[in-house]
Amino acid sequence: MPIGSSVELTDAPEALVRARQRAVLLPDLLVEAQRIVSTVIAGWHGRRRRGIGENFWQFRPFVEGEQVSRIDWRRSARDDHLYLRDREWEAAHTVWLWADPSPSMRYQSNQAQVSKESRALVLVLALAEILSRSGERIGYPGVIEPIAARNAAERLAAALMNDRPDHRFPPDDRLRRFSEIVIVSDCLDPLDDILAFVDKVGRRGIRGHLVMIADPAEETFPYAGRTEFRDPEGGGRLTAGRAETLRQEYTELYQARREILADRCRRLGWSFVPHRTDRLASEALVALHTRLSGTTQPAGQRS
């Protein structure tokens, strides 16, 4: 009996229904996990920035060349320095989402209820649903430009139905400094290629969140006896007479790959979230919520 197989692509509207179910459950799950439900609906990514708003934000030292009319003379009178009075600007934040479309993502073993591709799409659409509630701008590289709308998840699902990209990595020509990107992938591409992409994007001041999604069979390697392994992308085949003899070496290599990716993400100020398809999708959403709500800064922005 085969342990796993490749499944057909998940229908986007069906995935959206499941994503919304996860989004509805998220507040209760957050209470149980880290009691951060208060950040879900409002201000999930809200960041106070200097701008032209009405509310006071901070005093800061006057710098030659700035408008003298903005000097706060009352504050400046307290010592020998001149200070400007800054007001805040609550700007919508842009979060790019990406679900790896590689053929390897369609793998599903008999130890999981869904394929990696299906879980990745559910997570991406659930994030789109929750982020849009908070007034954030969400986009999908090469598919949909950043939008801030209550129906952003529906619009993303519709766009993916008509134009599902086949790039190994998200196109980065539209990614801008200070935006964020959430990548859900099995990370089975050549490791050097993944590291090169993460480095290129991270060093441009883009904050990233990498979700390494795995089928349980890919972690535990439950194969035994004569087993044929097939590469879903290149079509290559490998027949092992006693597959169980490969288990230790395989699991060590797989774990080493994960550790290398996690370490690189830490260096860049990115977050790294491992997730298995035999676990609840809500678990990954809680982990992502924690990272997205955190204060980790991209490389080059640390004080």
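Just so we're clear, the structure is a prediction, and the values are computed from it rather than from any experiment.
In this structure, the side chain of Q255 does not engage the main chain of E259 through any donor-acceptor pair within 3.5 Å. Formation of a donor-acceptor pair under 3.5 Å by the D215 side chain with backbone atoms of S109 is found in this model. Between the side chain of W96 and the backbone N or O of D172 there is no donor-acceptor pair closer than 3.5 Å. With hydrogens and angles ignored, the 3.5 Å screen pairs a side-chain donor or acceptor of S132 with a backbone N or O of E129. The closest donor-acceptor contact from the side chain of R291 to the backbone of W270 lies at 3.5 Å or more, if one exists at all. The backbone N or O of S118 lies less than 3.5 Å from a partner atom in the side chain of S115, making a donor-acceptor pair. In this structure, the side chain of S179 does not engage the main chain of L175 through any donor-acceptor pair within 3.5 Å. The backbone N or O of S104 lies less than 3.5 Å from a partner atom in the side chain of K116, making a donor-acceptor pair. With hydrogens and angles ignored, the 3.5 Å screen pairs no side-chain donor or acceptor of E180 with any backbone N or O of I206. With hydrogens and angles ignored, the 3.5 Å screen pairs a side-chain donor or acceptor of T227 with a backbone N or O of G225.
By the 4.0 Å N-to-carboxylate-O rule, R276 lies too far from E218 to be salt-bridged with it. No salt bridge links E117 with R106; every basic N to acidic carboxylate O contact stays at or beyond 4.0 Å. Taking 4.0 Å as the cut-off between side-chain N and carboxylate O, D193 and R168 count as a salt-bridged pair.
Residue-environment remark: CZ (R75) exceeds the threshold of 12 foreign heavy atoms within 6.0 Å. Within 6.0 Å of atom CD in E252, more than 12 heavy atoms from other residues, nucleotides or ligands are found, so the atom counts as buried in its surroundings.
Taking the side chain to side chain donor-acceptor pair (under 3.5 Å) definition, one finds that R247 meets it with nothing, sequence neighbours left out.
If you check the side chains of H275 and E283, you find no donor sitting under 3.5 Å from an acceptor.
Between F229 and F221, the ring center distance clears the sub-6.0 Å criterion.
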